[in-house]
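As the structure lists them, so they are numbered: ligands from 1, and atoms in each ligand from 1. We're numbering straight along the sequence, starting at 1. Keep in mind that the numbers below use all heavy atoms, side chains included, and drop hydrogens, waters and symmetry copies.
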Amino acid sequence: MEDVPQLAPVILVIFGITGDLAKRKVLPALYHLCHDNLLPDGTKIVGISRRDIAKEEIIDTIRLCVTEQGSICDKSVLNKLRSWLSMFKLDPLIDDRYEALKDYLQTIEDTAGVCLDRLYYLSIPPQVYDQIVDRLGNHGLNQSCAHAKAGVRLLVEKPFGFDVKTAEELIANTERVFSEEQIFRIDHYLAKETAQNILKFRRHNPVFSSQWNGQHIRLIHVLAKEQLGIEKRVAFYEQVGAMRDLVQSHLLQLLSLTAMEMPKELTGTEVHAAKHAFISNLIPPNPRDGIVRQAVRGQYASYKSEVNNPHSQRETFVSLVLASRDPRWKGTIFQLTTGKALDEKETVIRVYFGDDDPNILSFRIQPNEGIDIDLIIEQPGFAHNLRKVKMNFSYSTDFGEHSHDAYERVLVDAIRGDKMLFATKDEVLSSWHLLQPILDAWQAGASDIKLYANGSQGPDISHLAHFLSTKLSK
Ligand code: BG6
């Protein structure tokens, strides 16, 4: 029987409720949480939109998205959501309606007869975070109705800034209005089932924990392949690219869970500190020749025409290899690879033990969540031939099909104020510091962007790990 978190009712204010992210992730997650009775009666959802949007349009969107994801949409769940949802017209970049929003939230609480925790979810392009946060502060919306800040949280989506400078500015600006305690920086990859398991797996299986170092592990590769291209996110992607979209956040977070020092207690504070220490210890490639030899950037063939920019140098594929200053990881290579419009959707963390990789431990993040390990055995027969086989654990086989989507977890944890799954400002800044030299070098035109065919495996990256291992062994 699953432990069901007991949540208190909140007001969830969603900026960008008509946007792509809300459609694909946030609204379906709310539907499923409501379906599983994980959100309490009395929950309120306030959808912010610039135009007049009838709430029925949002309900229709939920119906459609849930059905498209292959679930049957339950009418009674939609009715419940309908009773919780209201729409509020506001242009987030214009001051004049924020005071009215404040009154509106107050009215909801007056009607409920209690002060509710408030969550402002910025499901919008990151360029406008600052301006919204400023306005929330200027109009006293960073305080709950009891004038206590404790019950107010801000949920923001990555990328948190575009480089070191903008990330520092964003952090400083947000902190003028919300304390670090109140800010929840979403990295939904941390909420995926297998990612949740990495620390527990490492801690409770001594057969692996005793080998978790550079003496035994040659390579740790975090690989996130996507089949989809950029779809309709032209402006966003032209500005961001694969490095900022996935490597700076999801991939570095998954890697740090896999390789950070194991803290005494698995509390949010200790885990955040250990991840931060791990990322800070990674060595940025040397700008002279390291960047060209340790990082590959690529672009899928139809990208330029999709964004209608024949000169675009925006990368849709990245692979890079890094080493660590931490003596524990002397000799190990860390590789991060991601790309769009590739041959398949797959996210996996592979840990390669031994020189010729006899044992590869794989954390399968998606699809077919689970963990497996390659072993060498002798093949039956008289020839004494060796063969690689897999020992395999799969969530669906052992626990059935039902599991909560990452966005459901993100919302539950934000509502209950559990910060474990969210990135701290230190983690965010150390990631930017690590990647900044590569971003700068690419901007200056160092290394060509390699074109790859849509639906292929992306550009050749086989030389990267080889280069670094030769360098490390010197
Ligand atoms: C998002 C990125 O954070 O993650 C997208 O902005 C990417 O570009 C998406 O497609 C992938 O998420 P998932 O959960 O579908 O693997």
Side-chain angles (χ1 to χ4, degrees), residues 16 19-29 32 65-66 68-71 121-127 129 155-162 184-196 222-255 257 297-300 303 306-307 312 314-318 336-349 363-370 395 403-411 413-414 421-423 427-428 431 435 454-455 458:
D20 183 60
L21 178 69
K23 274 186 204 150
R24 283 192 307 135
K25 307 273 191 189
V26 185
L27 293 173
H32 291 294
C65 295
V66 171
E68 272 174 7
Q69 288 175 357
S71 306
Y121 190 147
L122 306 191
S123 172
I124 44 154
Q127 302 90 296
Y129 287 171
L155 270 80
V156 288
E157 285 285 342
K158 44 147 278 284
F160 313 112
F162 290 93
F184 287 67
R185 298 182 190 85
I186 297 172
D187 192 310
H188 76 281
Y189 269 52
L190 293 179
K192 292 187 186 273
E193 199 71 63
T194 315
Q196 294 260 304
V222 182
L223 174 69
K225 301 206 294 183
E226 294 191 86
Q227 250 178 332
L228 292 178
I230 60 158
E231 303 218 282
K232 295 191 185 120
R233 300 157 85 206
V234 172
F236 169 81
Y237 212 81
E238 270 288 86
Q239 200 173 8
V240 171
M243 185 74 117
R244 295 179 170 93
D245 189 28
L246 262 94
V247 179
Q248 186 270 336
S249 47
H250 303 328
L251 299 201
L252 270 171
Q253 285 288 334
L254 289 179
L255 177 65
L257 280 183
R297 55 176 175 154
Q299 189 185 74
Y300 63 81
Y303 180 80
E306 279 176 38
V307 299
S312 178
R314 189 46 72 214
E315 80 286 355
T316 59
F317 179 99
V318 175
L336 304 170
T337 304
T338 186
K340 289 199 182 282
L342 295 176
D343 55 340
E344 58 180 345
K345 168 96 176 162
E346 181 187 35
T347 309
V348 61
I349 304 168
F363 295 98
R364 295 192 313 272
I365 307 289
Q366 59 191 11
N368 184 21
E369 292 85 341
Y395 279 91
S403 80
H404 294 289
D405 172 74
Y407 266 82
E408 294 174 43
R409 269 173 212 285
V410 164
L411 286 169
D413 282 3
L421 289 183
F422 300 83
E427 291 163 55
V428 168
S431 308
L435 302 178
N454 293 42

With side chains defined as the heavy atoms from C-beta onward, is the minimum distance between [X] and [Y] less than 4.5 Å?
| X | Y | answer |
| --- | --- | --- |
| V318 | L336 | no |
| R314 | V307 | no |
| D187 | F160 | no |
| E427 | R185 | no |

At less than 4.0 angstrom from any non-hydrogen atom of [X], what atoms of ligand 1 do you find?
| X | value |
| --- | --- |
| K345 | 13 (P), 15 (O), 16 (O) |
| K340 | 5 (C), 7 (C), 8 (O), 10 (O) |
| K158 | 1 (C), 2 (C), 3 (O), 6 (O) |
| D245 | 2 (C), 5 (C), 6 (O), 8 (O) |
| E226 | 7 (C), 10 (O), 11 (C) |
| H250 | 1 (C), 3 (O), 4 (O) |
| K192 | 13 (P), 14 (O), 16 (O) |
| Y189 | 11 (C), 12 (O), 13 (P), 14 (O), 16 (O) |

Checklist entry - Considering only protein heavy atoms, which is closest to atom 12 (O) of ligand 1, and at what distance to one decimal place? => result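 Going atom by atom, the protein heavy atom closest to atom 12 (O) of ligand 1 ends up being H188 NE2, 3.3 Å.
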Checklist entry - Any donor and acceptor pair, going by atom type alone, linking the side chain of Q366 with main-chain N or O of K192 inside 3.5 Å? => result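 Side chain of Q366 to backbone of K192, a donor-acceptor pair under 3.5 Å: no, none is there.
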Checklist entry - Backbone N or O of G458 within a donor-acceptor pair of the Y300 side chain at under 3.5 Å? => result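 No.
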Next on the checklist: Distance alone, cut at 3.5 Å: any donor-acceptor contact between the side chains of Y303 and E238?
Outcome noted: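 On atom types as modelled, these side chains qualify, holding a pair under 3.5 Å.
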Next on the checklist: For a quick check under 3.5 Å, do T194 and E369 share a side-chain donor-acceptor pair by atom type?
Outcome noted: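 Per modelled atom types, T194 and E369 side chains form no pair under 3.5 Å.
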Checklist entry - Contact between Q366 and ligand 1, counting heavy atoms under 4.0 Å? => result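 Contact check Q366 vs ligand 1: positive.
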Checklist entry - Looking only at heavy atoms, is any part of R244 under 4.0 Å from ligand 1, and if so is it the side chain, the backbone, or both, or is it neither? => result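 Answer for R244: neither.
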Next on the checklist: Under 3.5 Å between any N/O of R233 and any N/O of ligand 1: does that happen in this structure?
Outcome noted: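 Yes; at least one N/O pair falls below 3.5 Å.
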